[in-house]
Amino acid sequence: MNLLERIGLTALHRIDPETGHGLALKALCKGLVPLPGQITSPRLRTELAGLHLPNPVGLAAGFDKNAEALAPLARAGFGFIEVGAITPKPQPGNPKPRLFRLTEDRGVINRFGFNNDGMEAARDRLARRPRDAVIGLNLGANKDSADRMGDFARVLQYCGTYLDFATVNVSSPNTEKLRDLQGKVALMQLLLGVMAARDELRRPLPVFLKIAPDLSEAELADVAEVAAVTGVDAIIATNTTLRRDGLKTKGATGMQGGLSGAPLFEMSTRVLARLSALTEGKVPLIGVGGVSSAEEAYAKICAGASAVQLYSALVYHGMSLVPGIVRGLDRLLERDGFETVAQAVGCQREEWL
């Protein structure tokens, strides 16, 4: 992190987190943040569900909810970018304040509730996307929808032309009863509807499923079975957690919302490893939760992930973190004698079970 970025982060941390996040996006769009461009190497190039990634380090959904910063994010060093979540209709989300920094824990709690500009605005922005990047959309459902299952398919049908992949998000804890859709019967019905909508697109694309870290062993087994039956192309493990174990930040244990960042790393990685074992490596996995270093990204890969995503760590380390992780991951792969990321996937899975 250079001096200018350090000063900028210090200033942002002195104001309301949601306001600070908005200012960070504006700075990114105005070219005030140094960006390295695409970073790749023969070791880093990764194939994920038919997608050819320059490297396996992606941006998780939530940072750019409304697809407003696609061009600069494509130059930030990420191997792939996920924006959203987007719902059919615009919605304001939950009342403010709804974003909280847990500085002592290097964590974040949010209770946004799928605040976004809606699929029409998203499609207009996605239509102007850079073509040399891999960009996906996190699909959501409106809080007041009479047909939440249908909402996911509607967003995909409307925006799918401009996407490289789409993610079904039934794991956010901030929309009432949304996680109920992770149950076996409901999830099967939902995914079959989304896959049918995908197949109607002019250019069918990979569909991913994002799950919560709070699932039991039996629920994870159900997810693995549903993924196999529906043919979902990858599983993202995991979204934020409702647990508050071991937090140091005063008052954090009583906060409502989803916890992300460093406190989620171990929990999400264990879920990832269990899911890798349950799927026998037949379904690609994307590891997300607490990644803030090359070593943590590497640990997710060794636990069973074909690629990783990050978001909350940017709050504390800035955009310069991205090239640091990507280049560091390349060195770790070389150190351990791996010629590709794929060779390292799951090599230490048993250590997390």
Side-chain angles (χ1 to χ4, degrees), residues 48 56-63 80 82 85 102 105-111 138 167-174 178-179 182 208-224 227 232 234-247 252 255 257-279 281 283-317 321 325 329 341 344-353:
L48 173 69
V57 180
L59 176 67
F63 181 82
F80 61 111
E82 185 176 341
L102 278 56
D105 299 288
R106 286 295 188 264
V108 173
I109 288 177
N110 90 82
R111 48 174 181 259
N138 192 281
T167 298
V168 176
N169 184 1
V170 291
S171 52
S172 170
N174 301 315
L178 181 71
R179 285 192 174 189
Q182 289 181 122
F208 303 163
L209 170 66
K210 190 168 188 175
I211 65 167
D214 309 301
L215 299 178
S216 67
E217 188 70 29
E219 289 169 328
L220 278 176
D222 285 344
V223 166
V232 72
I235 302 173
I236 301 177
T238 67
N239 210 321
T240 58
T241 181
L242 294 171
R243 292 175 60 174
R244 300 290 187 265
D245 302 353
L247 294 180
M255 289 183 183
L259 170 66
S260 60
L264 185 57
F265 176 77
E266 185 171 334
M267 181 185 188
S268 63
T269 308
R270 292 193 186 282
V271 170
L272 169 73
R274 290 203 296 272
L275 197 55
S276 176
L278 286 165
T279 59
V283 180
L285 305 179
I286 300 168
V288 58
V291 174
S292 62
S293 69
E295 289 75 15
E296 287 165 339
Y298 190 45
K300 296 272 190 191
I301 290 168
C302 294
S306 295
V308 301
Q309 290 179 317
L310 60 89
Y311 166 16
S312 296
L314 300 175
V315 174
Y316 298 102
H317 301 283
L321 178 68
I325 288 179
L329 179 59
V341 173
V345 173
C347 65
Q348 297 174 9
R349 184 178 71 190
E350 301 303 316
E351 298 180 18
W352 289 93
L353 296 176

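Because only heavy atoms are used, hydrogens play no part in the values below, and waters and symmetry mates are left out as well, while side chains stay in.
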Quick one: are [X] and [Y] in side-chain contact, heavy atoms under 4.5 Å?
X	Y	answer
V291	V57	no
D245	M267	no
V232	V168	no
K300	S268	yes
L278	E217	yes
I211	L220	yes
L259	D105	no
L353	E350	yes

Find the distance between [atom1] ([X]) and [atom2] ([Y]) and round it off to the nearest 0.5 Å.
X	Y	atom1	atom2	value
L247	L102	CG	CG	6.0 Å
K210	I286	NZ	CD1	9.5 Å
T269	R349	OG1	CZ	14.5 Å
M255	R111	CE	CZ	7.5 Å
Y298	I325	OH	CD1	15.5 Å

Taking all heavy atoms of [X] and all of [Y], pick out the closest pair and write down the distance.
X	Y	value
Y311	A60	CB-CB, 4.0 Å
F265	G290	CD1-O, 3.8 Å
A305	V345	O-CG2, 3.4 Å
R270	W352	NH1-O, 3.1 Å
G304	S276	CA-OG, 3.9 Å
S312	S260	OG-OG, 2.6 Å

Using side-chain contact (heavy atoms from CB on, under 4.5 Å) as the criterion, point out the one residue from L272, L264, L275 that pairs with T238.
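Looking at L272, L264, L275, the match for T238 under the side-chain contact (heavy atoms from CB on, under 4.5 Å) is L264.
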Could you go through the side-chain hydrogen bond (donor to acceptor under 3.5 Å, both in side chains) check for T167 and N138 one step at a time?
CA-CA 5 Å; T167 298; N138 192 281; 4.9 Å; no
Kindly determine whether L209 and V170 satisfy side chain to side chain contact (heavy atoms under 4.5 Å, CB included), including the steps that lead there.
CA-CA 8 Å; L209 170 66; V170 291; 4.0 Å; yes
Test log, rule side chain to side chain contact (heavy atoms under 4.5 Å, CB included), inputs R106 and S292
CA-CA 10 Å; R106 286 295 188 264; S292 62; over 6 Å; no
Donor-acceptor pair, Y316 side chain versus G107 backbone, under 3.5 Å?
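Side chain of Y316 to backbone of G107: a pair is present.
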Could you walk me through whether I301 and L329 pass the side chain to side chain contact (heavy atoms under 4.5 Å, CB included) check?
CA-CA 10 Å; I301 290 168; L329 179 59; 3.9 Å; yes
Where do E82 and F63 land on the side chain to side chain contact (heavy atoms under 4.5 Å, CB included) test, with the steps shown first?
CA-CA 9 Å; E82 185 176 341; F63 181 82; over 6 Å; no
